[in-house]
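Worksheet for the structure shown next.
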Amino acid sequence: EAGVVQSPRYKIIEKKQPVAFWCNPISGHNTLYWYLQNLGQGPELLIRYENEEAVDDSQLPKDRFSAERLKGVDSTLKIQPAELGDSAVYLCASSISSGTYEQYFGPGTRLTVT
Amino acid sequence: TQLLEQSPQFLSIQEGENLTVYCNSSSVFSSLQWYRQEPGEGPVLLVTVVTGGEVKKLKRLTFQFGDARKDSSLHITAAQPGDTGLYLCAGEETSGSRLTFGEGTQLTVNP
C-alpha cells in the first residue's frame with residue numbers, strides 16, 4: 001500500500017512569490033492534516049479536513065495561506081505571498097478518521113524562502 | 001491549545017546505555033502518542049497510550065502514561081545507533097481531535 005505522497009520534496013522561492021504544495025493521502029483515509037514543522041521543533045497543525053470539509057483551520061494564517069481538498073481526496077496548500085519566516089517543512093498526514101487513530105505522515109516539502 | 005514539554009531537548013549517549021525521555025503537561029489528554037522521525041522523513045507512530053497508568057513495551061522501548069493522563073515517559077534499554085532520531089510526543093486534546101506535539105527530543109546513539 002502506498003503511503004502519503006507529497007510533492008515537491010524541496011522548493012526554493014524568493015519572498016513575495018506564491019508557492020503550492022500537493023498531498024495525496026492513503027486511499028480510504030477520510031481525514032487529512034497539514035502541519036508546519038520548524039527545524040528542531042514538533043509539527044504544528046495548520047488545517048484538518050474531514051473528507052472535503054475543513055473542520056479545524058483555526059491555526060491557518062488566512063491572510064496568506066489557503067488550502068483545498070476538492071472531492072475529499074488530494075489536497076493543495078498554497079502560500080501567497082511567501083515571507084522569509086515561512087521557511088519550514090510542510091507535512092501532510094492522513095488517518096482513517098479523527099480521534100485516536102494513527103496519523104500517517106508524508107515525507108514533507110522543505111520550503112526555503114530567500 | 002494544550003501544551004506539551006519534552007525533556008531533554010538533546011541527548012547524546014553511547015551504545016548500550018539506557019535513557020528516559022519525558023513529556024509533561026499541566027493539561028489532561030485523552031490519549032498520548034509517541035513518534036520517531038528521521039531526517040527527511042515524516043514522523044512514524046511508535047505507540048498510543050490511552051489509560052492513565054498504562055505501560056506498553058515495544059522491544060527495548062517502554063512507554064508509560066501518567067496516572068492523571070498529563071505526562072508520559074519513554075525509556076529505551078541498551079540503546080543502539082539505529083535508535084537515533086527525533087522522538088516526539090503528541091497528546092490528543094480532550095476538547096477535540098487535535099494532536100498537540102511536543103518540541104521533540106533529538107537522540108544520538110554513538111557506536
Side-chain angles (χ1 to χ4, degrees), chain A residues 2-10 21 23-26 29-51 53-60 88-112, chain B residues 1-11 21-25 29-51 54 56 58 65 69 72 74 85-108:
Chain A
V4 176
V5 180
Q6 290 188 247
S7 68
R9 290 295 309 274
Y10 305 92
F21 315 123
C23 173
N24 181 243
I26 293 174
H29 282 196
N30 297 321
T31 307
L32 184 145
Y33 312 78
W34 282 103
Y35 289 90
L36 178 153
Q37 185 175 28
N38 288 305
L39 186 64
Q41 304 288 318
E44 301 172 29
L45 180 69
L46 291 172
I47 190 168
R48 173 168 63 95
Y49 281 93
E50 293 291 345
N51 298 304
E53 182 182 0
V55 297
D56 186 352
D57 64 354
S58 58
Q59 299 189 116
L60 187 73
V89 174
Y90 291 83
L91 293 166
C92 179
S94 70
S95 62
I96 294 174
S97 182
S98 294
T100 313
Y101 293 100
E102 178 175 0
Q103 292 188 26
Y104 293 81
F105 284 82
T109 296
R110 180 176 294 278
L111 174 66
T112 301
Chain B
T1 301
Q2 300 169 243
L3 298 177
L4 277 168
E5 294 184 353
Q6 284 189 241
S7 62
Q9 188 176 357
F10 299 96
L11 189 56
V21 175
Y22 300 93
C23 178
N24 295 295
S25 176
F29 290 96
S30 300
S31 67
L32 196 134
Q33 299 178 346
W34 283 92
Y35 289 80
R36 178 169 167 265
Q37 185 177 20
E38 296 192 41
E41 301 295 329
V44 176
L45 181 68
L46 296 173
V47 77
T48 301
V49 285
V50 180
T51 306
E54 183 176 3
K56 281 192 174 180
L58 184 64
F65 201 11
R69 291 186 289 133
S72 181
L74 158 60
L86 180 67
Y87 288 82
L88 296 158
C89 65
E92 181 189 0
E93 297 184 3
T94 55
S95 60
S97 300
R98 179 185 296 179
L99 267 187
T100 297
F101 282 82
E103 293 187 346
T105 295
Q106 180 62 54
L107 171 66
T108 303

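Quick caveat: nothing in here was measured; it's all calculated off a predicted structure. Every chain is numbered from 1, with letters handed out A, B, ... down the list of sequences.
For Glu41(B), the parts lying under 4.5 angstrom from a heavy atom of chain A are both the backbone and the side chain. Contact of Gln37(B) with chain A is made through the side chain alone, with heavy-atom distances under 4.5 Å. Using a 4.5 Å cut-off between heavy atoms, Leu45(B) contacts chain A through both its backbone and its side chain. Interface remark: Tyr104(A) contributes no atoms to any contact with chain B (heavy atom separation under 4.5 Å).
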**OP:** Output, in order, the C-alpha distance, side-chain angles, deciding distance and verdict of side-chain contact (heavy atoms from CB on, under 4.5 Å) for Leu86(B) and Gln37(A).
**Re:** CA-CA 12 Å; Leu86(B) 180 67; Gln37(A) 185 175 28; 4.0 Å; yes
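Taking 4.5 Å as the limit, every side-chain heavy atom of Leu99(B) sits out of range of all side-chain heavy atoms of Pro43(A).
Residue Gln33(B) holds its CD atom at 7.5 Å from CD of Glu102(A), rounded to the nearest 0.5 Å. To the nearest 0.5 angstrom, Glu103(B) atom CD is 9.0 Å from Glu44(A) atom CD.
A donor-acceptor distance shorter than 3.5 angstrom exists from the side chain of Arg9(A) to the backbone of Gly40(B), with no hydrogens or angles considered.
In this view, Tyr35(B) and Phe105(A), Phe101(B) satisfy the ring pair (Phe, Tyr, Trp, His ring centres under 6.0 Å) rule, not counting sequence neighbours. Partners of Val55(A) according to the side chain to side chain contact (heavy atoms under 4.5 Å, CB included) rule, which considers only residues two or more places apart in sequence or in another chain, are Arg48(A), Glu50(A), Glu53(A).
Interface summary for chain B: among Gln41(A), Arg110(A), Gln6(A), the most heavy-atom pairs under 4.5 angstrom belong to Gln41(A).
Of all the heavy atoms in Leu88(B) and Gly42(A), the pair that sits closest is CD2-CA, 3.7 Å.
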